[in-house]
Amino acid sequence: MLNFQKPDVEQFFQTLNITDFVISPDEKQLVITTNINGHFNLWGMDLPNQYPYPMTFRNQRSHALHYDQKGEFLIAGFDNDGDENIQLYALQPRGGSLLPIRVEEGEKHYFSSLSEDGKRLYYTSSKENPTYLNGYCYNLETEEVTTLIKGSEAPIEIIAVSQDEEDFIYTKHYSNTHTPVFVRSHGEDLALTPPSEKEFMVYEALFVTSDSVYFTTNFESNYSYLAKFNLHTKHFSKVLELEQEDLTSVKADKENHRLYLVSTSGVEDRLFVYDLSREAYDLKKIPVNLIDKLAISETGNLYILGDGSTSPANIYFQTHEGDEWEKLTNNVVPGISEDMLIEPEVIRYPSYDGLEIEGLFYRAHEENSNGHVIHWPHGGPQSAERKMYWSLYQFLLHRGYSIFAPNFRGSTGYGLEFMKMVEQDWGFGPRLDNVKGIEWLVSNGYVDSDKVLLMGGSYGGYMALLLHGRHAEYYKAVVDIFGPGNLFSFIDSVPDHWKPSMAKFVGDPVEQKDKLTEDSPITYLKGMKKPMLVIQGANDPRVVKAESDQIVEALKKEGSQVEYMVLEDEGHGFSKKENEINVYKKILHFLDQQLIQ
């Protein structure tokens, strides 16, 4: 009888990541962004043939992907080793060398739209206005650049251009919870929503007919809904509002007169189809828990990129007349059957003030369990822990660690009011939501009080540091992955176009000095007495390396036990498979060491 070893970290992390896709106008070619060779590149599939072939060799993550309507070329955006300075290139359908289109060192270019004839590129750029950004049109034939709009007061971004190119829609980003949207129509700027003193968001907006813009918004509502703006009458109206559903993404099937709407409520997505002719909607069955991208072909066929707790991201196809989904990619965990992977339990518990907090608890199989739970506060913080596939989770579960991932106040998917609760309060309410979650787990028999570990990334790294400093008695050890340690230096070092919203998002360093001092993990160094591992990307533009440097240096001066791992060719995340494997091997070794202490 052959005895095979248990799956090791490499086996779980050889699972591919599919992060984006685009379909050619004739629907004969599918282009995906994936890391088949250990680095992110573009790969093509000539449908119905599902064998992928390489199209680029840049070995960098793509941040934009668009096919021109004639099928003659693609536009793709790439940064460099995670620096998030996105540059735009053109690419032939069969792949090969990249043709620079909007490439300028140190600048960022955000793709918006390509004209129907493929001759004009619309985009937003940091050039000449790094704080508020400008919107431009670039003529691919003459290389002439036209400035369409200059950002002021808040960073702007062009998000849609009308078919006749007479109008365009743009956002103003005052904060993550205040993003009004405007349309510039024949030189006149029109707000899509009526005047209001309340803050609100517009998620997506698009031109559906020559005189109508449809968009999703939570204008004067706790949950977002579908709305319409008539360009001729300048009238705003609600179209579809569903109780407890956060309608965020909207895509148009103009050929068949319908809209597709994604609801991101709670820990799963739902897909609705709205018939414009009947003014009625239906809930559509989907083969995934979460929809990462939704695309509609010119004929109305539907393509989605999605994943689930036990299934990695894949692309699925459905005809506009059908109900069955066809799986176009077959991304699996190598050598691991799906029944070996673990679905989370959805738990709910009351916080310190009675607010209900929802979270996910992944319980390791009894035969593998080592009795320990990893507490994972998510990043963002205006994001959420949802039923997604994550190799790290499934590997740690297989190695015996259970995982607790709460959606503390500030998380998305629970309404605008809940999302706003973290603003200017990074370190009180959300911190106590996490503390109460651990107390609830212990009191309900999920874990023994002396068997809890703590790990988080980005805001989750910040929360890991803060919980360590203020509540070390709850944890055996801590892993911080690129988390801010000093809110004053963090506010000062973020990208320029983030800075206008930082006072609202985090706090004002002058007016709220005492609050930011209280909420900064570096204030509580003397409380950080448990073993700690800190991981940082050297090119991180969001949480710069100096943030981790100062925490590590300060802890070493205090005589604390701290290990430090820096990735020289990464930013705010891990884009290279080799780095990802090395990081999580390091984390596993660090956690395993705590079990024998």
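Predicted, not measured: the structure shown is a model, and the values here were computed from it. When a residue number appears, it is its place in the shown sequence, counting from 1.
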Tell me whether [X] at atom [atom1] has more than 12 heavy atoms from other residues, nucleotides or ligands lying less than 6.0 Å away.
X	atom1	value
Lys515	NZ	yes
Lys513	NZ	no
Glu298	CD	no
Glu220	CD	yes
Gln163	CD	no
Lys284	NZ	yes

What's the separation between atom [atom1] in [X] and atom [atom2] in [Y], rounded to the nearest 0.5 Å?
X	Y	atom1	atom2	result
Gln87	Phe78	CD	CZ	11.5 Å
Arg470	Leu465	CZ	CG	13.5 Å
Asp425	Arg409	CG	CZ	8.0 Å
Glu356	Arg348	CD	CZ	6.0 Å
Leu88	His66	CG	NE2	11.5 Å
His235	Asn230	NE2	CG	8.0 Å

Legend entry - Ring centers of His378, Tyr459 separated by less than 6.0 Å: no
Closest heavy-atom pair and its distance - [X], [Y]:
X	Y	answer
Tyr203	Thr248	CB-O, 3.3 Å
Leu487	Ser520	N-OG, 3.1 Å
Ile357	Ser351	CG1-CB, 4.0 Å
Glu279	Tyr274	CA-OH, 3.3 Å
Gly410	Met421	N-CB, 4.4 Å
Val181	Thr171	CG2-CG2, 3.5 Å

For [Y], does its backbone N or O pair with a side-chain atom of [X] as donor and acceptor, under 3.5 Å?
X	Y	result
Thr179	Met201	no
Tyr349	Asp433	yes
Thr216	Glu204	yes
Ser309	Pro344	no
Ser162	Asp167	yes
Ser62	Ala64	yes
Arg431	Gly427	yes
Asp83	Asn85	yes
Asn218	Ser221	no
Asp282	Val273	no

Are [X] and [Y] side-chain neighbours, meaning at least one heavy-atom pair lies under 4.5 Å?
X	Y	result
Lys504	Lys420	yes
Phe168	Leu148	yes
Ile149	Ile156	yes
Tyr110	Ser125	no
Asn314	Leu305	no
Leu441	Phe404	yes
Asp20	Ile32	no
Pro194	Phe219	yes

Would you please classify the geometry between the [Y] ring and the [X] ring as parallel, tilted or perpendicular, with 30° and 60° separating the classes?
X	Y	answer
Trp440	Tyr446	tilted
Tyr303	Phe317	tilted
Tyr352	Phe428	perpendicular
Tyr136	Tyr123	parallel
Trp426	Phe505	perpendicular

Inset, instruction - Applying side chain to side chain donor-acceptor pair (under 3.5 Å), run through His109 and Thr124 and close with a yes or a no. - result: CA-CA 6 Å; His109 304 93; Thr124 305; over 6 Å; no
Legend entry - Working for side chain to side chain donor-acceptor pair (under 3.5 Å), residues Ser263 and Asp246: CA-CA 5 Å; Ser263 168; Asp246 239 349; over 6 Å; no
Inset, instruction - Check the pair Lys172 / Glu157 against salt bridge (Lys or Arg N to Asp or Glu O under 4.0 Å), numbers first and verdict last. - result: CA-CA 7 Å; Lys172 284 189 176 182; Glu157 182 176 2; over 6 Å; no
Legend entry - Audit row: Gln382, Thr412, side chain to side chain donor-acceptor pair (under 3.5 Å) steps and yes/no: CA-CA 6 Å; Gln382 288 163 322; Thr412 55; over 6 Å; no
Legend entry - Test log, rule salt bridge (Lys or Arg N to Asp or Glu O under 4.0 Å), inputs Arg386 and Asp269: CA-CA 9 Å; Arg386 314 187 75 220; Asp269 287 342; 2.8 Å; yes
Inset, instruction - Determine whether the side chains of Glu153 and Tyr174 contain a donor N or O and an acceptor N or O closer than 3.5 Å. - result: yes
Inset, instruction - May I ask you to decide whether Arg258 forms a salt bridge with Asp253, counting only side-chain N to carboxylate O separations under 4.0 Å? - result: yes
Inset, instruction - Before giving the answer on salt bridge (Lys or Arg N to Asp or Glu O under 4.0 Å), spell out for Glu165 and Arg120 the whole-Å C-alpha distance, their side-chain angles and the decisive distance to 0.1 Å. - result: CA-CA 10 Å; Glu165 301 177 70; Arg120 288 166 298 284; 2.8 Å; yes
Inset, instruction - Report the C-alpha distance between Tyr281 and Asp275 in whole Å, list the side-chain angles of each, state the deciding distance to 0.1 Å, and finish with yes or no for side chain to side chain contact (heavy atoms under 4.5 Å, CB included). - result: CA-CA 6 Å; Tyr281 74 92; Asp275 190 304; over 6 Å; no
Legend entry - Lys228 to Phe236, cation-pi by 6.0 Å centre distance and 45° axis angle: no
Legend entry - Face-on cation placement of Arg102 at Tyr138 ring, 6.0 Å and 45° thresholds: yes
Inset, instruction - Would you please name every residue forming a ring pair (Phe, Tyr, Trp, His ring centres under 6.0 Å) with Phe229, sequence neighbours left out? - result: none
Inset, instruction - Go through the steps to decide whether Asn407 and Tyr414 satisfy the test side chain to side chain donor-acceptor pair (under 3.5 Å), and finish with yes or no. - result: CA-CA 9 Å; Asn407 281 332; Tyr414 301 93; 2.9 Å; yes
